Structure formats: C-alpha cells, structure tokens
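Values in this document were obtained by computation on a predicted structure and should not be read as measured data.
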Amino acid sequence: MDSVPGTHGVPCWVSLTTGDQRAAEEFYGPVLGWSFQDSELGPEFRVATRDGQPVAGFNETSVSRQLPVRWTVFFSVDSADRAGERVNERGATLAVGPLRVGDGRAAVAADPYGAPFGLWEGEVPEGWTVGAGQAPAWLELRTPDAFAAAVFYGEALEWSKNANQGVGYEEAQDEVHLLVDGQTVAGLRGGGVEAAPDPNVRARWDVFFRSPDLDEALAAAVRAGGEVISTSREAPEGRAATLRDPAGALFCLLGE
C-alpha cells in the first residue's frame, strides 16, 4: 500500500480497535465484501481493502492495552505532541500517547463531550479520501453542541473558518460541515448525550461505509451475529443504517 505525507487537520484514516482480529474479519468481510492484508504498522494491525483499495484499519489491541472496542476517526497532524497539547489546553482528554506506531506517531483523545478521536503524525494511504473511492463515504460527529464542538476541533486541529480554502468548516442550519478543498467530508450534528449510559446516544464519531445493496448488507450483518440499531437515518448521500458488530462496535452503512 503506497503512502504519502498527510495534510494537517484532514481526516486521514479510520480504524477498528478489536480484541479478536479473526472474528472481526469474519464479520466485516462477508457484510461489506472486504479482503484483508497485513499492515506495515506491525503485527497487531491489518488493512481492510475492496477492489484492491484501502478502506480501513483493524487494530487488535483492546485486550492488551485495555482499549474499548470501537471505530475511531484519525486526523492527520504535523506534530502529535503539539496537537496533543492543544487538545489538553481546550478541556479535552489525551487518553493514549502520543506513541510510536510503525514509522509514525499516534494518539487517542476524547473531545470535551467524550467523543473519541485519533491523531496521526506520519504518512497516510495514497488516494484515501473520505467520499471518494473505497474510503468511507461520510463521517459524522454526534455531539450535544455542534457549534461548540466545531470551535474545539477547529482550534485543536487548526481548521480554517474559510471553508473554501484547505481544511475549513462552515455552519449549515443546525449543524456544522467540515470541508477539504471545498468538498464536504464530515458533519458535526447535535443529538449526542455527554456521558450517556446508552452507547447508542453517547457522543461519538460515526463512520459511514458504502454498501451497493443496503438491505442485503443488513441481512448479512444479522446472519453474522451483528445487530441493526436503526434503518431510518437519512445521510447527505442517501439512506443509511446504524449497526453494532458482534463485539459491540457501532458503525453505519450508506446505500449507493
């Protein structure tokens, strides 16, 4: 898998933290038509691909490092140390790292409302762009206050308030959109509940994967031991559904 330097502040990768790599691959492979290959990051890591293009990472460390099973959105940063300092200075929590991972450095944080996200300092998969190719179709932050969250991420990741240049954000009615070179790649939307006991409504980043046949993918997920949480969501690009994999990680599918 070829890699290139990352662009500061851009969503650059999504990764599933799991305690059972084989079981995770046996679930996501049939549901989404993914294949898997070893990663250059180390033996704990695998890469999901479709049609030979990278989709997402799988990281088998939740047991050894006591990390929860979940999907995490990573943002590219020039310096994980400086970005981590900005995160801490703005009332958020740097939970893990920065630590060396392969040839890069990674950290995992939680924003002021508790939504986990990652920081990545290093090269990123060439051609991996949210909304294009086999990368996720859309990213969405569920948070109690979309506008306050935009201020936090904007300062921590140095997003511009000029949405037409580089990495920037703009208000859109009751939510905020993140744009990269003028293209919308993510939304920040109210509705998440800080520290909610129910993970379905807890503040979090949702990852939307493409599915050529949404109904068949939902049926395959149930057959493989997953659970369909909701099929009524409407995303910017069409009908969407929220699911839980057999280990408990929440993710979303978007019909093509």
Side-chain angles (χ1 to χ4, degrees), residues 6 8-19 41 44-45 56-102 104-122 124 136 139-159 167 169 175-176 178 185-207 244 247-252:
H8 184 72
V10 171
C12 66
W13 194 234
V14 297
S15 181
L16 174 68
T17 305
T18 177
L41 296 179
E44 295 177 341
F45 299 87
F58 279 37
N59 177 17
E60 190 176 40
T61 62
S62 64
V63 174
S64 61
R65 297 182 185 171
Q66 298 183 333
L67 296 175
V69 173
R70 67 178 176 224
W71 282 98
T72 301
V73 177
F74 281 81
F75 295 87
S76 181
V77 293
D78 295 337
S79 168
D81 288 320
R82 290 195 296 271
E85 290 173 0
R86 291 193 296 272
V87 166
N88 281 330
E89 290 167 356
R90 286 157 179 82
T93 302
L94 196 63
V96 178
L99 49 81
R100 175 67 60 180
V101 179
R105 299 182 75 232
V108 177
D111 71 21
Y113 296 109
F117 66 100
L119 305 172
W120 173 253
E121 174 191 337
V124 300
L139 304 173
E140 187 171 281
L141 175 67
R142 294 169 54 87
T143 181
D145 188 330
F147 304 106
V151 172
F152 164 76
Y153 284 97
E155 293 179 349
L157 298 172
E158 299 182 309
W159 293 345
V167 187
Y169 66 95
E175 60 185 55
V176 177
L178 172 64
V185 299
L188 286 65
R189 176 178 294 181
V193 179
E194 184 178 0
D198 182 355
N200 296 332
V201 298
R202 195 174 298 160
R204 68 177 187 269
W205 279 93
D206 278 335
V207 181
R244 180 185 289 112
L250 296 172
F251 66 102
C252 299

Asker: What I'd like to find out is whether the side chain of Glu85 reaches to under 4.5 Å of the side chain of Val87, using heavy atoms alone.
Answerer: no
Asker: Should Leu119 and Arg86 be marked as a side-chain contact (heavy atoms from CB on, under 4.5 Å) after you check the CA-CA gap, both sets of side-chain angles, and the distance that decides it?
Answerer: CA-CA 12 Å; Leu119 305 172; Arg86 291 193 296 272; over 6 Å; no
Asker: Are the side chains of Val207 and Leu139 in touch, meaning some heavy atoms are under 4.5 Å apart?
Answerer: yes
Asker: Main chain of Val124, side chain of Trp13: is a donor-acceptor contact present, judged purely on distance under 3.5 Å?
Answerer: no
Asker: Which residue pairs satisfy the salt bridge (charged side-chain N to carboxylate O under 4.0 Å, His left out) criterion with at least one member in residues 72-82, sequence neighbours excluded?
Answerer: Asp81-Arg105
Asker: Could you list the residues that satisfy ring pair (Phe, Tyr, Trp, His ring centres under 6.0 Å) with Phe58, not counting sequence neighbours?
Answerer: Tyr28, Phe36, Trp71
Asker: Can you check whether Phe117 reaches Phe74 side chain to side chain, under 4.5 Å on heavy atoms?
Answerer: no
Asker: Once rounded to the nearest 0.5 Å, what's the spacing between atom CG of Asp206 and atom CG of Leu250?
Answerer: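 Reported to 0.5 Å precision, the distance equals 7.0 Å.
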Asker: Which pairs would a plain distance check flag for residues 150-158, meaning a side-chain donor or acceptor within less than 3.5 Å of a matching protein atom at least two apart in sequence or in another chain?
Answerer:
from: Tyr153; atom 1: OH; to: Asp111; atom 2: OD2; distance (Å): 2.7
from: Tyr153; atom 1: OH; to: Trp205; atom 2: NE1; distance (Å): 3.0
from: Glu155; atom 1: OE1; to: Arg90; atom 2: NE; distance (Å): 2.9
from: Glu158; atom 1: OE1; to: His8; atom 2: NE2; distance (Å): 2.8

Asker: Would a 4.5 Å heavy-atom cut-off, applied to side chains only, mark Phe251 and Val14 as touching?
Answerer: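 SC-SC contact between Phe251 and Val14 ruled out.
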Asker: Distance check, rounded to the nearest 0.5 Å: Leu94 atom CG versus Asn88 atom CG?
Answerer: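 Interatomic distance, Leu94 CG to Asn88 CG, rounded to 0.5 Å: 5.0 Å.
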Asker: Is the shortest side-chain heavy-atom distance between Thr143 and Arg189 below 4.5 Å?
Answerer: no
Asker: Distance check, rounded to the nearest 0.5 Å: Tyr169 atom OH versus Phe147 atom CZ?
Answerer: 11.0 Å
Asker: Start with the C-alpha gap between Asp145 and Tyr113, add the side-chain angles, then the distance that decides, and say whether side-chain contact (heavy atoms from CB on, under 4.5 Å) holds.
Answerer: CA-CA 9 Å; Asp145 188 330; Tyr113 296 109; 3.5 Å; yes
Asker: Counting distance only, does the side-chain N/O of Glu121 pair as donor-acceptor with the main-chain N or O of Ala80 below 3.5 Å?
Answerer: yes
Asker: Quick one, Glu175 and Leu188 - any side-chain contact, counting heavy atoms below 4.5 Å?
Answerer: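 Glu175 does not reach Leu188 side chain to side chain.
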Asker: So Leu16 and Glu60, do their side chains get closer than 4.5 Å, heavy atoms only?
Answerer: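 No - every pair of side-chain heavy atoms lies 4.5 Å or more apart.
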Asker: Less than 4.5 Å apart, side chain to side chain, heavy atoms only: is that true for Val167 and Leu178?
Answerer: yes
